[in-house]
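Notes follow once the structure below has been shown.
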There are 2 protein chains.
Amino acid sequence: MAQDAMARPRGATLRDVATVAGVSVSTASKALNGRAHVHPDTRRRVMDAAERLSFTPNVLAQNLTSGQSGTVGLITNDLEGRFSIPILMGAENAFGAGKMSVFLCDARGDAIRERYHLQALLSRRVDGIIVVGSRTDVRPSLGHEIPVPVVYVYAPSDDPEDLSLLPDNVGAGQQAVDHLLSIGRRTIAHIAGDPTYAAAQDRVRGIQHAMAAAQLPLVAPTPFGNWSEAWGRAATRQLLATHPEVDGLICGSDQIARGALDALRDLGRDVPRDVAVVGFDNWEILATGSAPPLTSVDMNFEALGRMAAERVFAALDGERQAGIVTQPCRLVVRGSTIDGA
Amino acid sequence: MAQDAMARPRGATLRDVATVAGVSVSTASKALNGRAHVHPDTRRRVMDAAERLSFTPNVLAQNLTSGQSGTVGLITNDLEGRFSIPILMGAENAFGAGKMSVFLCDARGDAIRERYHLQALLSRRVDGIIVVGSRTDVRPSLGHEIPVPVVYVYAPSDDPEDLSLLPDNVGAGQQAVDHLLSIGRRTIAHIAGDPTYAAAQDRVRGIQHAMAAAQLPLVAPTPFGNWSEAWGRAATRQLLATHPEVDGLICGSDQIARGALDALRDLGRDVPRDVAVVGFDNWEILATGSAPPLTSVDMNFEALGRMAAERVFAALDGERQAGIVTQPCRLVVRGSTIDGA
DNA sequence: CTGTTAGCGCGTTCAC
DNA sequence: GTGAACGCGCTAACAG
């Protein structure tokens with residue numbers, strides 16, 4: 001778009017800088033890279049020339065030598081970018097902004113497209129691949145023929161030789177219970193999400209475990225459904241009809257929790273006075289928009305992304321690692337459990 | 001992670017393939033690229049060797065010659081990825097998956113970080129830059145010193161020499177009105193979002209224009225607030241208190257619309273029978289979760305992304321273009337305006 | 001201190 | 001039908 005862009009389509013090169021500064025290319029290289037054995041005056045001139053030409057080193061060419069590209073590929077299967085974005089941010093931040101760039105591509109849950117993107121990424125010589133799934137269930141490994149480290153996030157690989165990073169959904173369930181107990185609730189029920197999701201089962205396990213530890217029963221058997229607000233509304237109405245004494249309600253997702261809040265209001269129950277409600281995911285747009293705003297357990301995706309990037313580069317440094325690593329979740333308290341919070 | 005990965009950290013090169021196949025590099029190159037003057041048997045051997053070594057051509061090196069990298073940088077200021085993701089998908093799909101890859105980076109609305117990412121992207125020799133803003137207000141241009149085409153999406157550049165792509169928010173307002181009129185609503189009100197956003201003002205203009213064209217007044221002066229559900233709830237209560245006759249309600253965003261639905265239910269109004277409600281943005285998670293689901297005007301981000309990518313490459317082909325281009329929006333009808341839809 | 005030379009991985013002429 | 005030579009932009013050994 002710039003005028004000079006047409007004349008010099010790809011920007012100034014080191015050669016241009018060297019010419020302008022009246023030195024050789026290698027001297028210019030050394031000067032700009034702050035390496036020794038360069039006279040201060042020479043360095044000045046080179047720096048000035050670079051400045052004047054608004055020279056940008058070609059990282060690709062730089063890395064042609066080193067073999068690394070400072071680039072990571074992120075293959076997601078999470079259409080809405082709900083997980084991918086925070087994970088990407090985390091990865092980007094792992095080494096300071098700009099030091100590493102992330103290719104993002106969406107495979108839409110399609111294995112063919114996934115391999116296609118994998119190929120495209122490898123051909124661009126990414127230093128590593130981060131694969132993000134849309135559910136915490138195991139997924140097929142991309143295999144071990146890949147010449148760069150691969151880290152699976154959220155959806156673990158079915159191959160124990162691979163490294164998979166997961167949020168601790170069991171712990172998340174425990175945190176939800178512990179919070180309700182800490183604010184004095186004793187008559188607690190859980191409305192779970194889609195039973196085919198490992199995340200749903202894990203959260204249930206964590207909840208049951210924490211309740212058992214407190215020597216309390218769940219006031220009703222846990223109903224499973226899906227992750228929708230509609231399910232939250234229906235299940236809550238059902239639950240309150242049979243167990244009106246409930247004073248603490250854990251919902252399998254923020255969407256379910258939103259449905260629960262709706263139903264509770266329709267039933268004339270005050271939240272949090274009559275019933276305290278906790279969700280999972282801490283999906284901002286849902287959790288902060290409701291009345292009252294929703295207490296929720298955050299999956300810490302950003303930390304997962306940061307860790308994923310770190311592991312990729314650790315693997316490049318030869319550090320072999322495998323198995324499933326879980327990352328603790330984080331409870332975010334809002335008005336649905338503590339008035340005015 | 002793979003065993004061979006440690007031995008040959010960066011994957012097989014064309015040279016490796018040639019060696020294994022017992023031919024020269026150039027022969028291997030021609031064979032793999034399906035070019036003529038290669039004996040079929042030779043080609044076979046080369047292909048086999050490439051297969052065996054799981055050889056991936058290095059696009060970076062390929063493009064070292066052509067000067068293009070098949071890569072676009074996407075700088076976003078939209079933290080939640082609400083706009084960026086669909087725009088990215090659109091860009092990715094513009095030329096068929098894998099043909100082009102997208103670097104995504106988030107500048108968090110910070111000009112410094114933006115320039116930093118710009119630098120990082122340029123140094124990776126992207127073929128073009130797409131800048132995505134979080135609001136449709138004009139934003140400072142990145143300047144014309146950039147050696148690749150830049151396209152601004154959602155937030156237009158303040159420099160008319162730049163190319164900016166925007167959703168047609170005025171048209172979106174008109175579509176909302178036309179839809180309500182088409183289902184027989186005549187007593188229409190609008191609850192606007194944050195008045196400091198151009199998008200809010202544009203939608204208001206479109207709505208006023210369409211109402212004027214139908215020779216109908218808005219039943220109440222349009223209140224401005226912010227984009228939240230809380231504002232939607234408050235404004236709706238206020239509106240219904242003074243104008244209980246409203247039968248069509250246009251909300252400045254899906255969040256506001258969700259708040260409106262809440263308030264309407266509290267007031268005992270049936271949606272859509274008593275009041276039909278339309279939102280803007282078609283934010284799936286909000287629009288489909290409510291009861292009833294929300295009719296909303298979609299901003300067509302994916303189309304914007306596709307167009308952005310096309311314009312980048314058109315510019316590379318020398319096609320100069322500038323100014324602001326708007327893209328029509330798309331009404332998505334659901335149960336909040338037509339029963340059961 | 002500075003310049004020269006040799007690659008990095010690949011496609012692309014060219015001569016053979 | 002094949003192979004050597006060149007270049008892309010840069011860094012890293014060496015020479016000077």
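Order of the sequence lines sets the chain letters (A, B, ...), proteins ahead of strands, with each chain counted from 1.
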Among C:dG11, C:dG9, D:dC10, the one nearest A:L14 by side-chain distance: D:dC10
Any salt bridge between [X] and [Y], counting N to O under 4.0 Å?
X      : Y      : answer
A:D48  : A:R44  : yes
B:R306 : B:E310 : yes
A:D41  : A:R45  : no

Euclidean distance, atom [atom1] of residue [X] to atom [atom2] of [N] [Å, nearest integer]:
X     : N      : atom1 : atom2 : value
A:L60 : C:dG9  : CG    : C1'   : 13 Å
B:L32 : C:dT12 : CG    : P     : 13 Å
B:R15 : C:dG11 : CZ    : P     : 12 Å

query: Between the side chains of A:T71 and A:R124, does any donor sit under 3.5 Å from an acceptor?
result: no
field: Side-chain donor-acceptor contact under 3.5 Å, A:S141 with A:D159
entry: no
- prompt: Could you state the interatomic distance from CG (A:D127) to CG (A:L121), rounded to the nearest 0.5 Å?
  reply: 11.5 Å
- line: Expected list for residues 33-47 of chain A near DNA chain C, using heavy atoms below 4.0 Å, is A:H37, A:V38, A:H39, A:T42
Protein and nucleotides 3-7 of chain D: nitrogen or oxygen contacts under 3.5 angstrom:
{"unit_1": "D:dG3", "atom_1": "OP2", "unit_2": "B:S24", "atom_2": "N", "d": "2.9"}
{"unit_1": "D:dG3", "atom_1": "OP2", "unit_2": "B:S24", "atom_2": "OG", "d": "3.1"}
{"unit_1": "D:dG3", "atom_1": "OP2", "unit_2": "B:T27", "atom_2": "OG1", "d": "3.3"}
{"unit_1": "D:dG3", "atom_1": "N7", "unit_2": "B:S26", "atom_2": "OG", "d": "2.8"}
{"unit_1": "D:dA4", "atom_1": "N6", "unit_2": "B:S26", "atom_2": "OG", "d": "3.4"}

field: Partner residues of B:S26 under the side-chain hydrogen bond (donor to acceptor under 3.5 Å, both in side chains) criterion, sequence neighbours left out
entry: B:S24
query: Does B:S29 place a side-chain N or O at less than 4.0 Å from the phosphate oxygens OP1/OP2 of C:dG11?
result: yes
- request: Run the numbers on B:D106 and B:H117 for side chain to side chain contact (heavy atoms under 4.5 Å, CB included), then give the verdict.
  value: CA-CA 8 Å; B:D106 187 76; B:H117 276 130; 5.5 Å; no
